[in-house]
Undergrad: 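To start, I am sharing the structure in question, which I have written as structure tokens.
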There are 2 protein chains.
Amino acid sequence: MSGMNASKGTEAKIVVVDDEPSIRELLVASLHFAGYEVETAASGSEAIEVIERTKPDLIILDVMLPDIDGFTVTRRIRQEGIDAPVLFLTARDDTQDKVMGLTVGGDDYVTKPFSLEEVVARIRAILRRTREHVEDDPVIRVGDLEINEDSHDVTRAGRPIDLSPTEYKLLRYLMDNEGRVLSKAQILDHVWQYDWGGDAAIVESYISYLRKKVDDLEVTDEDGTKHKVQPLIETKRGIGYMIRVPRS
Amino acid sequence: MSGMNASKGTEAKIVVVDDEPSIRELLVASLHFAGYEVETAASGSEAIEVIERTKPDLIILDVMLPDIDGFTVTRRIRQEGIDAPVLFLTARDDTQDKVMGLTVGGDDYVTKPFSLEEVVARIRAILRRTREHVEDDPVIRVGDLEINEDSHDVTRAGRPIDLSPTEYKLLRYLMDNEGRVLSKAQILDHVWQYDWGGDAAIVESYISYLRKKVDDLEVTDEDGTKHKVQPLIETKRGIGYMIRVPRS
DNA sequence: AGAGGACATTCAGGAAACCTTCAGACGGCG
DNA sequence: CGCCGTCTGAAGGTTTCCTGAATGTCCTCT
């Protein structure tokens, strides 16, 4: 699943609140595997109880809940002195005014249906900005390939690269799992929205696009000689894809 | 999330006084995240107690409170020797004479409904004038683009630029977050009033206005040659907007 | 070597995101 | 009261992206 560079500082505690079991499980599995400690709640009232008991570092909160809606839950726990940032889950067709004011403070939101990469990226961005952690670096590196999660910049050997949103998400997922083979199914599940109905063949197309932009470059050395960059994206036939600095 | 240049001197302590929980939360979340230490009070009497106890550097005070009004609160705490500046929150339809005399000393006011940028900008301006801090610079720079928070002047390559109030707030928010992509929702939440009910599409319009004034200029060099300025505002498709000196 | 399967590449249509402009509404100011 | 700058919503045009399909290439097993 979404295995990250588990190295990152202390593991954060996250509470997931959603009434749909499938969404809950999806998030729990991913986040747990990504190294977070996860608790869940299926309703607003349960959420308040769980949050006050466990004092999480971050809360993932569906705004549409059977009993108490997400905004009210937020207000209640804030009154109790809990100031953990909230990542709201909203339906795309929610009226705009409902979404208003959601991005103040450390809070943020994603619209359903989301892709896991979106959620994980947002969580990291929030935690990076919220926690005191001075050492937190918005840059992810694999060899001479870098992506900056703040500016969304991508560079190879210092040279800027332009990626489309989906290309960026795919590359980010690969880099987050450097040295680990990811199946096409895994990639589909993380980079594309969870309600995607299409074919896994689209992964091949996007790998191809990515390779052309990232691995098919010529750079000029200090001494003026041109040479191709080392390809970083490897195909593991029958298994999937992986990114890493190739072994000699 | 405003005032991101967290680097700024020592964190100031602020007391927020308002009887509406939603306003309180909005301000607490934003200011806390912006690096301020925040306490709250929901009434005039509570305000006096909290202010005398915590000795804040600045007070945000709604003039319309259920028990003791804001002016009286100010008078009382002044009698107790507390001279922290006050940022008053007033209703737009408050008669002019009520607002009169609010800006004496270090004090200032904003009208409800406000935008977060307005509040944060005023807070910074007040603290800049109040504190000894010699190193505080009212000028924000990105490349050859400068805005002066004291005079509200905007210049590009030395040339003055006229901006409308909303254009200025938008530019200021972008520059305060140089090199970080801001979503349209974030921009809406910070630059527009918190009770805004409209569409996020308005952000696109204002980005367009801003570009025409800021990024679509011709300047004349010392040697008489004309050339276009580098565009500083970048679109990150599917993510948002960002300002910075472009890479290479 | 050949067949079959897995992967790579390319392309075009449609969709989505974005840019720009404009007219009307609104409010401040003379 | 009328003018003027500003704000807002909407429309139209443009660019970029996504997706599915078609075709080509490489690997593997027999």
Side-chain angles (χ1 to χ4, degrees), chain A residues 92-93 95-97 100 111 113 115 117-118 152 154 161-171 174 181-188 191-193 195-216 231-243, chain B residues 91-96 99 111 113-115 117-118 152 154 161-171 181-185 187-188 191-193 195-216 231 233-242:
Chain A
R92 185 175 298 286
D93 58 348
T95 50
Q96 199 70 28
D97 55 303
M100 278 300 297
T111 57
S115 74
E117 268 305 287
E118 267 172 303
H152 277 233
V154 180
I161 296 175
D162 252 21
L163 298 183
S164 81
T166 303
E167 288 163 356
Y168 180 86
K169 275 191 277 186
L170 172 57
L171 178 60
L174 289 172
V181 185
L182 302 168
S183 71
K184 275 178 259 195
Q186 283 179 313
I187 294 174
L188 209 55
V191 176
W192 274 262
Q193 302 173 350
D195 65 345
W196 166 264
D199 197 331
I202 197 172
V203 175
E204 297 172 12
S205 288
Y206 267 87
I207 288 284
S208 171
Y209 292 146
L210 212 45
R211 278 181 166 145
K212 201 190 296 184
K213 293 187 178 180
V214 162
D215 273 350
D216 196 26
L232 301 175
I233 301 172
E234 298 177 27
T235 302
K236 294 291 178 179
R237 176 167 273 256
I239 320 264
Y241 300 95
M242 168 171 57
I243 199 167
Chain B
R92 185 174 298 285
D93 57 349
D94 270 0
T95 52
Q96 199 67 28
V99 179
T111 57
F114 50 79
S115 74
E117 272 302 290
E118 268 174 296
H152 275 231
V154 180
I161 295 175
D162 249 23
L163 297 183
S164 81
T166 304
E167 288 163 355
Y168 179 85
K169 276 189 278 186
L170 172 57
L171 179 60
V181 188
L182 302 169
S183 71
K184 277 179 258 196
I187 295 173
L188 211 55
V191 176
W192 271 262
Q193 302 171 351
D195 66 344
W196 167 264
D199 199 322
I202 197 172
V203 175
E204 297 173 16
S205 289
Y206 267 85
I207 288 284
S208 174
Y209 294 147
L210 211 45
R211 278 182 166 145
K212 203 189 296 184
K213 293 187 177 180
V214 162
D215 273 350
D216 197 26
I233 300 171
E234 297 179 28
T235 301
K236 292 290 180 176
R237 178 168 270 252
I239 318 273
Y241 300 96
M242 169 171 58

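All figures in this text were calculated on a predicted structure; none of them were measured in a lab.
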Undergrad: Quick one: salt bridge (Lys or Arg N to Asp or Glu O under 4.0 Å) partners of A:K212, sequence neighbours excluded?
TA: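 A:K212 satisfies salt bridge (Lys or Arg N to Asp or Glu O under 4.0 Å) with no other residue.
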
Undergrad: Does B:T166 have a side-chain nitrogen or oxygen under 4.0 Å from the phosphate oxygens OP1 or OP2 of D:dC7?
TA: yes

Undergrad: Got a sec, which pairs hit side chain to side chain donor-acceptor pair (under 3.5 Å) with one end in residues 195-208 of chain A, sequence neighbours left out?
TA: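 Every pair satisfying side chain to side chain donor-acceptor pair (under 3.5 Å) with a residue in residues 195-208 of chain A: A:K184-A:E204.
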
Undergrad: Indicate, with a heavy-atom threshold strictly under 4.0 Å, whether B:S208 touches base, sugar-phosphate, or nothing.
TA: base

Undergrad: Quick one, B:L170 and B:L163 - any side-chain contact, counting heavy atoms below 4.5 Å?
TA: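 Not touching, per the 4.5 Å side-chain cut-off.
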
Undergrad: If you find the nucleotide of DNA chain C closest to B:Y241 and the one closest to A:Y206, which residue's nucleotide is nearer the 5' end?
TA: A:Y206

Undergrad: For the pair made of CD in A:E167 and P in D:dT16, what is the distance, rounded to whole Å?
TA: 13 Å

Undergrad: To the nearest Å, give me how far apart NZ (B:K184) and C1' (D:dG9) are.
TA: 15 Å

Undergrad: Should B:W192 and B:I202 count as side-chain neighbours, where that means a heavy-atom distance under 4.5 Å?
TA: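 Result yes, sub-4.5 Å side-chain heavy-atom pair found.
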
Undergrad: With a 4.5 Å limit on heavy-atom distance, are the side chains of B:Y209 and B:T166 in contact?
TA: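 Of all side-chain heavy-atom pairs linking B:T166 with B:Y209, none is under 4.5 Å.
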
Undergrad: At a heavy-atom distance below 4.0 Å, which nucleotide of DNA chain C is the first touched by chain B, and which is the last?
TA: C:dA17 to C:dC22

Undergrad: Could you check how far CG of A:L163 sits from C1' of D:dC18, rounded to whole Å?
TA: 15 Å

Undergrad: Sequence neighbours left out, what passes side-chain hydrogen bond (donor to acceptor under 3.5 Å, both in side chains) with A:S115? Give chain and number order.
TA: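 Listed in chain order: A:E118.
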
Undergrad: Got A:L174 and A:I207 here, is their nearest side-chain heavy-atom distance under 4.5 Å?
TA: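 With C-beta onward as the side chain, the pair touches.
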
Undergrad: Mark up nucleotides 20-29 of chain D, 5' to 3', with B wherever a protein heavy atom is under 4.0 angstrom from a base atom, S wherever such an atom reaches only the sugar-phosphate, and - elsewhere.
TA: SB----BS--

Undergrad: Check whether any side-chain nitrogen or oxygen of B:W192 sits under 4.0 Å from OP1 or OP2 of D:dC7, and answer yes or no.
TA: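 So the side chain of B:W192 is outside the cut-off, no N or O lying under 4.0 Å from OP1 or OP2 of D:dC7.
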
Undergrad: Measure from CG on A:D162 to P on D:dT15 and round the result to the nearest Å.
TA: 16 Å

Undergrad: Under 4.5 Å between any side-chain heavy atoms of A:R211 and A:T235, yes or no?
TA: yes

Undergrad: With sequence neighbours excluded, what pairs up with B:R237 under the side chain to side chain contact (heavy atoms under 4.5 Å, CB included) test?
TA: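 In terms of side chain to side chain contact (heavy atoms under 4.5 Å, CB included), with neighbours along the sequence ignored, B:R237 is linked to no residue.
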
Undergrad: Within this structure, what is the CD1-to-C1' distance between B:I239 and D:dT16, rounded to whole angstrom?
TA: 14 Å

